[in-house]
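Inspection log for the structure reproduced underneath, given as structure tokens.
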Amino acid sequence: MGLTRAAGLAEYAKLMRQAPGEVTALADDLLIHVTGFFRDPDVWEALREQVVAPLVAAREPGAPVRAWVAACSSGEEAYTLAMLLLEESDRAGKRLDIKVFATDLAERALAHARAGLYPGGIESDVSPERLARFFARDDESYRVRQDLRDRVVFASQNVLQDPPFSRLDIASCRNLLIYLEPEAQQRVLNLLHFGLREGGALFLGSSETVGGAEALFEPADKKARIYRRVGPTRHGTIDFPPARAGGRWDRRPGPGAGRPLAAGGRTGPPHPAGVVHPGGGDGRPGQPRPVPPRRHLAVPPPAPGRAVPGPPGPGPGRGAGGGPGRPAPGGGGR
Ligand SMILES: C[S@@+](CC[C@H](N)C(=O)[O-])C[C@H]1O[C@@H](n2cnc3c(N)ncnc32)[C@H](O)[C@@H]1O
């Protein structure tokens, strides 16, 4: 409100009615974007040992590996997972078709994620070996190298409204549930269960559990918050509104990445439904810039009329190892 120089709430409300972009900017500012590379390093090590290495060992060369990082913020978590998958596939001497779908509600955080440019401070989170392998120095910053960048597909998505991915080997949903009301938490857990293949791994934040959804997930490592999907796909536990028009998928080269899914019928601004913690945030930078790690991000507002990934269709994800592979509303998840 201060940035718009509105004299008071009434004037700010009037401004929001006249400029829909301001509504989106306010919604973005209310979200908390704290994140980092290898956030909670011990649990990432546990994920590598218990999930990533066995998964890579079990796959034939060239086979798809599909992961989803929901609420990816400015991208660090998604790149972290992609680094682990690449490292383990190198270690096993296998080339796999690795695809990490990374989504968030906040367009401005996604803009940073897509740019893949991070400040020198990431040296405290990323080892020199990983910096050398996966990043290129760019003045005082680090830029994600192309082979890592190509593994990650970013898209805007409201996890409370939009369809999930399907046939997933790993779903990481860290530090989102803590901000949600119990009912919304259950909805997200149902969605993650729907998206994961049988035996697929769910990775939550250090203060989160599958409480209330114990029939859907069994603990693999309680301390590390790693769970395995169990039980049949439960049709009818999730419902999707018609997907919105357009699509904001990366258009980067790479298997399966690149084109929006078929357009649906609904458009509208993002809706941070269920998010109960207000955050700070003040600036409105227009261009991607290095992201200060582990701080609340002030990210630029999305263009009005931004859209989320579309509905299922013969898009890149429908084939093995391809893109999103959204299930039809009420349809099969795997
Ligand atoms: C604290 S950050 C977590 C980032 C990362 N997962 C981590 O643990 O480092 C929470 C993220 O959730 C996103 N978020 C909040 N509500 C959401 C929703 N309904 N759908 C998708 N993302 C949402 C926010 O935009 C924010 O980037």
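Counting starts at 1 for both ligands and their atoms, following the listed order. In this text, all values refer to a predicted model and were calculated from it rather than measured experimentally.
Counting heavy atoms closer than 4.0 Å to ligand 1, residue Glu76 contributes nothing at all. Residue-level proximity to ligand 1 for Arg174 is carried by backbone and side chain together, each with a heavy atom below 4.0 angstrom. Contacts of Leu176 with ligand 1, taken as heavy-atom pairs under 4.0 Å, involve the side chain alone.
Annotation for ligand 1: atoms under 4.0 Å from non-hydrogen atoms of Tyr179 are 1 (C). Heavy-atom proximity to Thr35, at under 4.0 Å, picks out these atoms of ligand 1: 4 (C), 5 (C), 7 (C), 9 (O). Applying the 4.0 Å criterion to heavy atoms of Gln157 picks out, from ligand 1, the atoms 20 (N), 21 (C). For ligand 1, the atoms lying closer than 4.0 Å to a non-hydrogen atom of Ser73 are 4 (C), 27 (O). Using a 4.0 Å cut-off to heavy atoms of Ala106, the atoms of ligand 1 that qualify are 25 (O). For ligand 1, the atoms lying closer than 4.0 Å to a non-hydrogen atom of Asn158 are 18 (C), 19 (N), 20 (N).
By the criterion of side-chain heavy atoms lying less than 4.5 angstrom apart, applied directly or through intervening Ile, Leu, Val, Met, Phe, Trp or Tyr residues, Ile178 is grouped together with Val34 in one hydrophobic cluster.
Taking any N or O of Gly36, backbone or side chain, none lies under 3.5 Å from an N or O belonging to ligand 1. Considering both main-chain and side-chain atoms, Ala70 never comes within under 3.5 Å of ligand 1 through any nitrogen or oxygen pair.
Side chains of Glu76 and Ser74: a donor-acceptor N/O pair is present below 3.5 angstrom, by distance only. No donor-acceptor contact under 3.5 angstrom links the side chains of Ser73 and Asp104, judged on distance only.
Tested against Asp169 for a salt bridge (charged side-chain N to carboxylate O under 4.0 Å, His left out), the candidates Arg59, Arg228, Arg229 yield a single pass: Arg59.
For atom 1 (C) of ligand 1, the choice among Thr103, Ile32, Leu160 with the nearest heavy atom turns out to be Ile32. Counting only non-hydrogen atoms, the option in Glu77, Arg39, His33 that gets closest to atom 6 (N) of ligand 1 is Glu77.
Asp42 meets the side-chain hydrogen bond (donor to acceptor under 3.5 Å, both in side chains) test with no other residue; sequence neighbours excluded.
Salt bridge status for Asp90 with Arg133: present, with a side-chain N to carboxylate O gap under 4.0 Å. A salt bridge is defined here as a Lys NZ or Arg NE, NH1 or NH2 lying under 4.0 Å from an Asp or Glu carboxylate O, and Arg174 with Asp40 meets this definition.
Within the structure, ring pair (Phe, Tyr, Trp, His ring centres under 6.0 Å) contacts touching residues 52-82 (residues at least two apart or in different chains) are Trp68-Phe165, Tyr79-Phe154.
Side-chain contact between Tyr118 and Val144: present, with at least one pair of heavy atoms (C-beta onward) separated by less than 4.5 Å.
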